Structures are given as C-alpha cells and as structure tokens.
Amino acid sequence: MTASASHPSQPLPLGSGISDRLSKKASRHVKERIIEGLLFSAAAFSVFVTIAIVYVLVKESWVFFETVPLSDFLFDTQWTPLFDDAHYGIMVLLSGTLTSSAVALLVAIPLGTIIAIYLSEFAGFKVREIAKPFLELLGGVPTIVYGYFALTFLTPILQTIYPDLPGFNLLSAGLVMGIMIIPYVASLSEDAMRAVPMSLREGSYAMGATRLQTALWVVTPAATSGIASAYILGISRAVGETMILAVAAGMQPNLTFNPTEPGATITSYIVQVALGDLPHGSIGYQTIFAAGLTLLLMTLFFNLLGYWLRKRFREVY
Amino acid sequence: MEAGVEGTLLKAEVRDLDFFYGAFHALKRVSMPIYDHKVTALIGPSGCGKSTLLRCFNRMHDLYPGNRYAGGGIVLHPDDTNLLAPGVDPIEVRMRISMVFQKPNPFPKSIYENVAYSLRVRGMTNKSELDDRVESALKGAALWGEVSNRLKELGANLSGGQQQRLCIARALASDPEIILFDEPTSALDPIATASIEELITELKEKVTILIVTHNMQQAARISDFTGYMYLGEMVEFGVTDQVFIKPQKKATEDYITGRFG
Ligand SMILES: Nc1ncnc2c1ncn2[C@@H]1O[C@H](COP(=O)(O)OP(=O)(O)OP(=O)(O)O)[C@@H](O)[C@H]1O
Ligand SMILES: [Mg+2]
C-alpha cells in the first residue's frame with residue numbers, strides 16, 4: 001500500500017470492539033427469527049395438508065383397486081356399488097359431472113365474457129362501481145341456496161316448457177351452477193382486460209376502430225392468457241361443485257349425456273356415501289376414495305392446462 | 001384549398017383553440033396552419049402541450065371523460081369543417097387522420113394483421129385487396145424487405161425500430177390525409193431513428209405530417225415548418241429555417257440554443 005493522506009501506511013486494526021450503536025440487537029434478531037419461522041410454518045402447513053390429502057386418497061384408493069380391477073373402474077358402464085351385483089364404472093358418474101359442467105359452462109363462459117367486456121370496455125366508472133359488488137355477491141351466495149333455487153324455482157319453470165322434464169335433472173342444476181360461476185369468469189376476465197395497456201387501445205382507436213372492434217379485436221386477444229385462466233377456474237368450479245347437484249339433479253347414477261335426465265356426479269355421489277351409513281372399510285365405502293382421486297386428477301389436469309395456457313399466451317405488450 | 005406561404009396549400013388550420021383537462025387549461029388560444037404535403041414540427045419543453053395539441057387532431061381526447069375542447073377549433077381542408085365540432089364523428093376523423101405513438105404499440109397480432117387492421121376496421125375483407133394494401137403499406141414504411149417472408153409472425157417479435165415502422169405501415173395502410181407522430185423516435189436507437197426520419201421525409205410525398213419532437217436537430221432536419229410552444233401557448237410559428245436561424249421571439253431563441261430555463 002502506498003502512503004498517502006487517505007491511505008495510511010500501517011493497516012489499521014479492524015476496530016477494537018463493536019460499539020453499542022452498531023452491535024447486533026438480540027431482541028430484533030429474535031423477533032425476525034420468530035416471524036420468519038411463523039411464515040415458514042404457514043407455508044409448510046399448506047404443503048403438508050396437500051400431501052396428506054393426496055396420501056390418504058391414494059392409500060385408500062389402493063385398497064379399492066385391490067378388489068376392483070382398474071379396467072372395470074374405467075370401462076364398466078354401471079355404477080352400483082351398493083347392490084349385490086356391484087359394478088364400479090366411474091364413467092357413469094363422470095358423465096353426470098361432464099354433462100352438468102357443460103351446461104354450466106355454456107352459461108357461464110359466454111355470459112361471463114360478455115359481462116367482462118362490458119364492464120372493462122364500455123361501462124362508465126359509476127356503473128362499474130355499482131355492478132361489481134353485485135357480481136361479487138352472486139359469487140358469495142351459498143351453493144345450497146342455489147341448489148334449492150334450481151329445484152324449487154327453475155325446474156318448475158322449465159317444466160312448463162318441457163312438461164316431460166323430471167323433477168330432478170342435470171339441466172336445471174347445470175344452469176344454476178352456470179349462474180354461480182359467472183362472477184368468477186367475469187371478474188377474472190375483467191381484471192385481465194383492464195390490465196391491457198391503454199396504449200394498445202389508443203392504437204386501435206387511432207386507426208378508426210369502434211369501441212366494439214377495439215374490445216373484440218385488440219383487448220380480448222391481448223388478455224387471452226388471463227381470460228383462459230378465468231375459464232379454467234370456471235371449469236374447476238363446475239367439476240367440483242357438489243351441493244347444487246346433490247339437491248337438484250337427483251343422485252341416481254345414470255350414464256347419460258342428456259341434461260334433461262337426472263344423474264349423479266362424482267361429487268354428489270361422494271356426499272351421498274359419506275352421509276350414508278355404510279360401514280367404514282367396506283368396499284362400498286372405499287369407492288368414495290377412488291371417486292375422489294378421479295376428481296383430484298381432473299382438477300390437477302385443468303390446473304396444468306391453465307398453467308400451460310398462461311405460459312403459452314403470456315402477454316407480450 | 002386556400003393558398004399558404006410559398007405557394008403551398010393549407011391542409012388544416014388550428015384557430016384560437018382552447019383545451020381543458022378537467023379544470024386544467026392545457027391549450028390557450030392556440031393558432032397554427034398545417035400545410036399540405038409538408039412536415040410540421042411541434043417543439044417546446046416538457047409539459048407545454050405538444051401532445052395535447054397533436055391529440056386534438058384525431059380527437060383522441062374524446063376517449064377520456066373530463067377532457068374539454070373549449071373554444072376555437074381545427075378546420076380541415078378541403079372540407080372546410082371544424083374537426084372539433086360536436087356534430088363531427090371522431091371515427092370519421094380518425095379514418096382520415098392517423099397516428100403513430102411515442103412507444104411502438106403493435107397489436108398482439110401477426111405483422112400482416114397489424115397492417116391490415118385499419119382496413120378491416122373499415123370492413124375490407126377481400127383477401128387479394130388486403131394483400132395488396134398490406135404490401136404497399138409495408139413498402140411505404142420501408143419494412144417490406146425485412147418482413148415479406150415472415151408476415152405471419154407476431155409484430156412484437158420485431159426490433160423496436162421495426163415495430164415503429166410497422167406502426168407507420170399500420171397508419172399508412174388506409175391512405176390517411178394526415179399522419180400525427182408523437183415523438184416517434186424517442187424510444188429508438190440512433191440508427192433506427194435515422195431510418196424513421198428518412199421515412200418521414202419520403203412520406204410527405206403522400207401525406208401531410210405533424211410531428212412532436214424533443215430533438216431540435218430532428219426538427220431542423222426533417223420539418224418544413226416549426227411551431228414552438230410554451231405553457232400551452234403557441235409562442236412562434238414559421239418556416240423551420242427561419243425559426244431555427246432567425247427566431248422572432250427571444251423565448252424561442254433561448255429554447256433552441258439551449259439557454260432555456
Ligand atoms: N390526462 C391529463 N390530465 C390532466 N392533465 C394533463 C393530462 N395530460 C397532460 N396533462 C397536462 O397538460 C400539460 C401538457 O401536457 P402534454 O402531454 O401535452 O405535454 P407535452 O408538451 O407533450 O410534454 P412532453 O414533451 O413531456 O410529452 C402538462 O402540464 C400535463 O401535466
Ligand atoms: Mg408529449
């Protein structure tokens with residue numbers, strides 16, 4: 001080291017100790033550690049619960065599949081676990097789930113998207129401030145209320161149009177389920193559209209586009225990934241919905257894709273068995289784990305699809 | 001059209017224009033002529049109202065509540081109509097007066113569809129007609145050579161300078177009479193800037209150009225007329241060489257020579 005005013009020729013000792021003002025404060029240190037620990041355990045807890053659920057489902061399903069071959073589960077066309085001549089064709093429940101979900105999504109996706117476009121691109125500030133809370137309220141109604149609404153209000157109305165419609169049917173349950181899902185689709189799609197930068201809209205208007213052209217040709221494509229996530233969430237809600245179907249669709253397992261028939265879904269079957277008096281450990285009881293696992297795999301599939309769509313159509317503004 | 005200075009024709013005229021953002025008086029009795037097939041530059045310090053004036057021409061302010069054209073107007077020739085009159089449809093105005101923004105803002109669509117946008121908006125669906133117009137717009141924006149074999153790629157995949165030329169092609173496709181440029185090169189590197197400047201000089205064969213710029217050299221290089229604005233007022237307007245070499249007002253001279261503020 002060369003000697004100079006600012007570079008002393010003798011290296012200075014690295015302090016003769018630590019002054020009080022600079023020393024690590026034990027109290028702060030401990031507090032930080034405790035908070036970090038709490039945050040970690042919260043995160044770890046949710047991971048643990050997820051793993052525990054999967055573990056239970058897989059373990060119990062394993063017991064089920066030791067008795068019932070997977071091929072029967074997948075390809076049998078009857079679901080009669082409680083009969084002497086038991087059949088375990090999940091297809092039967094799946095058809096109810098798919099049919100009711102399809103009806104619900106046919107309502108929720110178009111209406112939810114239209115509402116989102118309206119709120120994001122057309123509605124003035126005031127309208128939006130009033131409409132959004134109502135929309136959120138729609139999503140907050142307990143599903144059991146929707147179920148009774150379907151059974152005691154919508155079905156009778158539908159019966160005046162189709163007199164042959166049974167009192168329990170997938171159509172009515174699906175339609176009401178669609179109404180329940182609208183807020184999820186609308187709210188998330190609207191968020192995605194509002195996140196589209198104003199500069200893109202200005203670009204469109206500057207070319208002489210109308211509001212509708214701008215909304216449909218520029219804003220919606222620019223928000224694709226967010227809108228796709230909204231749809232996926234809607235699908236997951238439909239597939240997992242239980243109460244509306246248990247109340248309004250009847251719970252008879254029925255291999256059908258005709259929404260005007262009654263039917264059981266995976267979820268409504270699980271409630272039925274869980275609330276029934278089947279002995280634990282019986283093969284009939286074990287079915288609900290296999291059904292639950294199927295549901296979990298479906299939801300997982302949609303989540304992955306949503307993840308993939310988000311990556312595939314990530315916004316590039 | 002009325003005759004202007006040096007035998008040029010008037011394309012439009014701003015007359016005693018007042019404009020408010022809510023309660024904020026952003027343009028104060030601004031007047032200026034816009035000459036046909038010429039480049040007119042607007043210069044002035046940040047916040048003086050250049051963009052505000054530019055965006056009056058295509059009624060961009062109509063998109064936001066609270067904005068108010070409060071007197072005077074912009075007369076477009078040969079219609080001899082005030083663009084800001086309540087009975088004028090902003091969409092019709094934008095069909096004839098197009099715009100290129102500061103930051104390139106291509107739509108999340110293919111290069112082809114970006115350029116075709118202004119034609120589709122007008123209801124054009126004929127494939128071969130669209131193809132022709134897209135090609136000539138891309139040629140007009142000096143981009144055709146670079147993108148002719150990748151028209152289906154996303155516009156956002158292009159470089160910044162190419163994106164800006166794509167936006168110029170988009171603005172050109174519908175054959176506008178005036179194109180408004182709001183600091184079109186401020187987000188670009190010097191080489192991309194030079195190519196856009198050259199392009200603007202070529203474009204005045206076809207269209208009338210109004211450009212906002214912060215770059216004095218750019219204004220001097222490419223414009224025929226220059227307006228110097230300050231605090232919402234048009235301080236000085238004239239032939240570019242005059243304004244730069246022999247400004248009439250002290251304020252203009254100070255700004256141009258960098259002795260401003
Ligand atoms: N939307 C708005 N609401 C309220 N005031 C605004 C709005 N937009 C601009 N202004 C104000 O109007 C004045 C002029 O703004 P303008 O954007 O036209 O300036 P400019 O000359 O283009 O500046 P720059 O060179 O920074 O782009 C500024 O004082 C600005 O703060
Ligand atoms: Mg500006």
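None of the values given here were measured: they were computed from a predicted structure.
Counted within 6.0 Å of CZ on A:F48, heavy atoms from surrounding residues, nucleotides or ligands total 12 or fewer; the atom is thus considered open. The number of heavy atoms from other shown groups lying within 6.0 Å of OH (A:Y307) does not exceed 12. Atom OH of B:Y21 sits in a crowded spot, with more than 12 heavy atoms from other residues, nucleotides or ligands closer than 6.0 Å. Heavy atoms of other residues, nucleotides or ligands lying less than 6.0 angstrom from OH of B:Y64 number more than 12.
Identified by a heavy-atom distance below 4.5 Å to chain A, contributing residues of residues 126-143 of chain B are lacking entirely. The interface of residues 203-214 of chain A with chain B, defined by heavy-atom distances below 4.5 Å, comprises A:G203, A:S204, A:Y205, A:A206, A:M207, A:G208, A:A209, A:T210, A:Q213, A:T214.
Using a 4.5 Å heavy-atom threshold, the side chains of A:L200 and B:P108 count as touching.
Interface check for chain A: of the options B:R96, B:K109, B:M99, the most heavy-atom pairs under 4.5 Å are formed by B:K109.
In this structure, the side chain of B:N105 engages the main chain of A:S199 through a donor-acceptor pair within 3.5 Å.
Both the backbone and the side chain of B:F107 come within contact range of chain A, judged by heavy atoms closer than 4.5 Å. Using a 4.5 Å cut-off between heavy atoms, B:S174 makes no contact with chain A at all. Using a 4.5 Å cut-off between heavy atoms, B:L180 makes no contact with chain A at all. Heavy atoms closer than 4.5 Å to chain A are found nowhere in B:F57, neither backbone nor side chain.
Once rounded to the nearest 0.5 Å, the distance linking CZ of A:R201 with CG of B:L63 reads 10.5 Å.
The salt bridge (charged side-chain N to carboxylate O under 4.0 Å, His left out) test with A:E202 singles out one residue from B:K103, B:R59, B:R55, B:R94, and that residue is B:R55.
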